[in-house]
Each structure stands twice: as structure tokens, then as C-alpha cells.
Colleague: 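Could you have a look at this structure, given as C-alpha cells, before my questions?
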Amino acid sequence: MLKVYNTASKSLEEFKPLNQKKIGIYVCGVTVYDFCHIGHGRSAVAFDLIYRYFKYKGYDVTFVKNFTDVDDKIINKANKENVSCEEISNRYIEEYYKDMEKLNIEKPTYEPKATKHINEIIELVKKLIEKGYAYEVDGDVYFSVEKFKNYGKLSHKNIDELKSGARVEVNENKKSPLDFALWKKSKEGEPWWESPWGKGRPGWHIECSAMSMKYLGESFDIHGGGEDLIFPHHENEIAQSEAATEKPFAKYWIHNGFVRINKEKMSKSLGNFFTLRDVLKKYNGETLRYFLLLTHYRSPIDFSFEGLDAAKEALNRFYNFVQRLEETEFFKDGERDENIDKYLDSMIERFELAMDDDFNAPKAVGEVFATIRMFNQYLDSVEKKDKKPFKGYREKFLEDVNKISDVLGVFDASSANWFIPEDIDVEWVKKKIEERTVARKNKDYETADKIRDELAKYGVVLEDSRNYTRWKVKR
RNA sequence: GGCGGCAUAGCCAAGCUGGCUAAGGCACGGGUCUGCAAAACCCUGAUCCCCGGUUCGAGUCCGGGUGCCGCCUCCA
């Protein structure tokens with residue numbers, strides 16, 4: 001039974017889809033005006049994990065993640081560089097895809113842009129005005145928060161408290177400080193579209209309502225995003241959408257926690273961020289993804305390079321084991337062992353149990369490593385007793401790890417991608433190792449050590465075992 | 001000021017609808033292997049921020065502290 005934490009109810013709920021096996025997920029994506037930082041990466045990984053797990057569970061998932069491509073920040077940047085907003089947004093969408101590919105993020109079903117849905121947005125705003133939920137003042141259109149009786153139900157805020165706590169309102173057009181813009185009159189130098197209220201552009205929240213409804217229908221299963229979006233963005237989305245359709249909007253609200261630097265939220269405005277680009281120069285995408293997966297998606301992650309190093313070492317351990325499986329000879333009539341039987345049989349089950357519990361990836365990962373330890377112990381003992389390892393164990397492990405890998409997006413079933421970089425001449429390395437083996441047989445250790453040192457310059461690490469020399473390029 | 005979250009070994013991190021040995025990873029230390037070395041593998045460690053309560057039994061529930069963080073403004 002899959003349980004998900006619903007921000008709206010502040011509790012774990014059993015996941016019950018709206019329409020059997022067909023589910024819809026909408027996640028707020030990024031505003032494309034700059035490179036993505038680790039926080040964006042975290043959110044992407046979290047929802048990618050969720051998307052993949054639903055598919056694993058047999059759901060037919062329509063996954064929508066938008067690009068906000070019209071916004072003050074984009075306009076500012078465009079004006080600063082003296083180029084169009086479109087050029088800015090297209091540029092950073094391109095960069096976004098490069099980062100996402102390295103993080104092994106699967107492409108959502110749809111990735112709509114706000115600027116391509118102006119008609120839908122205008123229709124929605126018109127409907128809200130007709131229904132009396134919105135009003136126009138001098139080319140701007142605002143949503144009247146007090147008209148929507150359930151306002152605050154997601155973020156658990158109370159309208160009166162919000163009112164008393166509201167900051168000094170700069171916008172004189174609004175009837176109430178809580179009201180928010182659905183449509184904004186365009187100023188000089190800003191992009192605009194024709195509308196019943198004159199030349200203008202959409203407000204921030206309305207695009208997500210318009211696009212989610214277009215691709216997923218008026219009511220859908222899951223809506224997600226970073227926890228900073230709960231208020232006001234998602235609260236406003238609910239108000240707009242439910243006011244317009246008079247139907248429940250999203251059923252489950254899922255929010256990921258922040259990435260922090262020294263206990264503080266990583267954010268553009270604080271300036272304490274690392275871009276994905278920067279980190280990916282030093283660490284590969286799998287390491288970063290694994291690092292992000294190691295903390296439950298709702299908890300804060302303290303970003304650190306020490307943490308990335310630990311993540312890298314953990315993956316080394318995983319791939320060392322895979323390599324061991326690759327290089328060990330297994331036999332159909334090999335030695336069986338009760339303990340390893342138990343662990344291998346239950347690995348997938350334990351994985352699912354963990355994931356069913358609100359996508360507990362850190363726990364799921366732990367189950368894999370626990371199995372690896374048992375398997376290593378088994379192989380050690382079999383070797384020591386000069387017996388043969390059982391072939392079925394390797395097959396079972398690899399088969400199940402493959403399934404797990406499809407969900408987690410880390411843990412390849414082959415060690416080569418991890419240990420052997422593309423730019424290394426494998427044949428040359430093998431030749432050198434052979435030369436060294438000959439030297440060692442002749443007890444010419446001087447030559448052997450020289451070859452070892454030479455290979456070490458290229459990062460090649462040798463592991464001498466009883467019968468052969470194994471090698472890798474350690475990350 | 002209002003609302004909410006977190007505090008587990010040297011570090012990271014699961015567990016928290018109470019009860020099996022408090023997962024897993026990193027680091028340290030010990031060992032196996034080895035020509036040496038490295039690598040690899042195995043082993044080893046915490047009674048869960050403090051105080052009080054509920055209970056046969058609490059890291060897990062309740063109350064009170066302390067500390068840290070987030071939202072209330074653009075933000076994944």
C-alpha cells in the first residue's frame with residue numbers, strides 16, 4: 001500500500017487514484033532566467049523519483065512540469081542584455097536540459113510554457129471575472145481572495161491573520177492586500193499579449209492553473225513543487241482553479257524540502273548557492289543524484305562537498321561489488337546459503353516497502369547495501385572453503401537491482417560505466433597489466449612496480465588477487 | 001508577531017500509528033588477502049538535546065525547556 005504525505009492534510013495518506021490506473025501529476029518547474037542550482041536539482045530528482053515509482057507500480061502516469069517563461073526576472077535579464085525574453089528563456093531551457101540529463105531525469109510527458117498558453121489563461125481569467133471572483137482595475141485583473149471561502153486550506157493560514165500581518169501594500173489598485181494579480185498590464189519594454197483588458201501579461205499563479213487543467217483535467221491526482229511554493233503560489237492556484245471549476249483541484253499536494261548551506265536555505269537572493277553546473281564539473285551526475293536521494297525528499301539537505309565525497313565512496317562500494325560479480329565465476333551447482341537466500345529473495349520486497357512509505361529512498365538504498373554486505377560475506381566464505389558460488393544468486397541480484405535502478409536512477413547493473421571512463425585506452429591498460437603479470441612471475445618486482453606507477457598516473461588502480469589482476473579507474 | 005518543521009554514533013542519515021539485535025553510507029581503528037603496497041572484503045561503535053509525565057515497556061506518545069530552520073515578499 002502506497003502512502004504519501006499530503007501537505008493539505010499534514011499527514012500520510014493512502015494513495016487512491018482518481019481514475020484507477022491513470023494518474024496525473026503536475027509539478028511546478030523553474031523560471032528560466034539563469035542556471036539551475038542544487039535546490040532545483042533536488043526538486044527535479046525528488047519528483048523524478050516519484051514519477052518513476054508510480055510507473056513502477058503500474059500506473060499510467062501523465063506527468064506535467066512547466067517552464068515559467070514570462071516573469072519580472074526574465075524581463076530584467078533580457079533588458080539588461082538587450083535581447084528578447086524569448087532568447088533568455090530559450091537559452092536557459094537549453095541549459096536546464098543539459099543539467100537534467102546529467103542527473104538522469106526522465107522527460108515528463110508534457111513541459112508546457114506559459115507563453116504558449118496565453119489563450120487558456122485569458123479564458124480562465126474571463127471565467128473568474130464572470131463568476132465574480134476577479135475584478136479588473138485599469139488593465140490589471142486581480143483575484144479577490146475573500147470571495148473564496150476555503151482560502152488558506154493548503155498552507156493552513158487564516159485569512160484574518162494574513163490580513164493583519166500583510167506588508168505595506170504598494171499596489172493601490174487592489175481592493176484587499178491579499179488579492180493577487182491574474183493579469184498584469186504591461187509596462188513599457190515588457191512583453192505583452194492582447195486581452196479583453198488591454199495589452200498585458202499573465203500573473204504568476206494563473207499559468208499553472210491553466211496548464212494543469214489543460215493537460216490533466218480540472219481535477220487531478222498530484223500537484224507538487226518545492227515547499228516554498230505552498231504559500232502563496234499553490235494556495236492561489238487552488239483558489240483560482242476551484243473558484244473557476246467548482247471542483248476539487250489536486251487531490252494530493254507533495255512538497256520537497258530545501259537544500260541548505262550551513263543550515264540556511266540555498267537561494268538566489270541569499271547568494272549562497274552552487275549551480276548544478278559547478279558541482280557537475282567535479283562530481284558526475286550519478287554521484288550528485290545519489291547524494292540528493294540519500295535524504296528523504298521532505299527533509300532539508302545540508303549541502304556539502306564532504307557529503308558528495310561520501311556519496312561517491314558509497315557508489316564506489318556498490319560498483320566494486322558489481323565488478324566482483326562480473327569477475328567471479330558462478331556455477332549452476334554452486335553452494336547455497338540460507339542467509340543469502342533470505343536477503344536476495346526479500347530485497348525487492350524491502351525496496352518496495354521503503355518506497356511505499358512516502359518514497360523513502362534513503363531506506364531503499366540501505367536495503368541494497370545490506371544485501372551487498374551479505375553477498376560479500378557469502379562470496380568470502382565460499383572462496384575460503386574452496387567451493388563454488390551459486391549462479392542463481394548473481395542473476396537474482398542483477399535482475400532485481402535493475403528494477404531498483406529504473407526507479408532510483410542510480411545503480412547501473414554494469415560496473416564499466418562507473419569505473420572505465422571513455423577516454424582511457426582499455427587495450428593499452430590490459431597490455432600493461434599483462435607485462436606486469438609476467439614480471440611478477442619472474443619476481444622482477446622493480447619492473448612490476450614501475451608499470452603499476454605508470455598506470456597510476458592515469459588513475460588506474462590495480463587489485464591483485466590470487467589468480468588475476470583486476471583494474472579500474474577510481475572516481 | 002502568526003503558523004509550521006527539525007534535534008539519532010566523529011560526520012551524513014533511516015527508524016517516530018511504542019516492544020524484534022536503533023537500517024545504511026562515510027571516516028577512524030582492528031583483521032583477511034598480498035612480493036611489497038594499494039585496492040577490495042570482513043569486523044568493531046550510539047540508548048537517541050535536557051527535564052518531567054503516560055505505560056508492564058518510549059528515540060518513538062504527552063507537557064515544559066533549550067537550540068536550529070522554514071513560511072507569512074520573488075524563490076525548487
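By convention in this document, chain letters (A, B, ...) are assigned in the order of the sequence lines, proteins followed by strands, and residues within each chain are numbered from 1.
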Colleague: Taking side chain as C-beta onward, heavy atoms only, is A:Leu315 less than 4.5 Å from A:Phe411?
Modeller: yes
Colleague: If the sugar-phosphate is the primed atoms plus P, OP1 and OP2 and the base is the rest, what is the B/S/- string for nucleotides 5-15 of chain B, using protein heavy atoms under 4.0 Å?
Modeller: --------SSS
Colleague: Compute the ring centroids of A:Tyr393 and A:Tyr378, then answer whether they are less than 6.0 Å apart.
Modeller: yes
Colleague: Remember a base hit wins even if backbone is also touched, and classify A:Val27 as base, sugar-phosphate or nothing at under 4.0 Å, heavy atoms.
Modeller: nothing
Colleague: Any side-chain N or O of A:Gln377 less than 4.0 Å from the OP1 or OP2 oxygen of B:rC43?
Modeller: yes
Colleague: Using a heavy-atom cut-off of under 4.0 Å over every strand shown, decide if A:Leu229 touches base, sugar-phosphate, or nothing.
Modeller: sugar-phosphate
Colleague: Any salt bridge between A:Asp406 and A:Lys403, counting N to O under 4.0 Å?
Modeller: no
Colleague: According to side chain to side chain donor-acceptor pair (under 3.5 Å), does anything in residues 408-418 of chain A pair up with another residue at least two apart or in another chain? List the pairs.
Modeller: A:Asn316-A:Trp418, A:Glu326-A:Ser415, A:Asp412-A:Asn417
Colleague: Return the polar atom pairs (N/O with N/O) between nucleotides 27-31 of chain B and the protein under 3.5 Å, or none.
Modeller:
none

Colleague: With A:His37, which residues qualify under ring-ring contact (aromatic ring centres under 6.0 Å, His included), at least two apart?
Modeller: A:His40, A:Phe273
Colleague: Going by purine N1 to pyrimidine N3 plus the second Watson-Crick contact, or the G-U wobble pair, all under 3.5 Å, which nucleotide sits opposite B:rC71?
Modeller: B:rG2
Colleague: Among residues 145-158 of chain A, which contact RNA chain B at a heavy-atom distance under 4.0 Å?
Modeller: A:His156, A:Lys157
Colleague: Would you indicate what A:Arg452 reaches in the nucleic acid, counting non-hydrogen atoms under 4.0 angstrom: base, sugar-phosphate, or nothing?
Modeller: base
Colleague: Please compare A:Thr31 and A:Asn376 by the position of their nearest nucleotide in RNA chain B and report the one closer to 5'.
Modeller: A:Asn376
Colleague: I'd like a table of atom pairs between the protein and nucleotides 46-48 of chain B - only N or O on both sides, under 3.5 Å - with the distance next to each one.
Modeller:
none

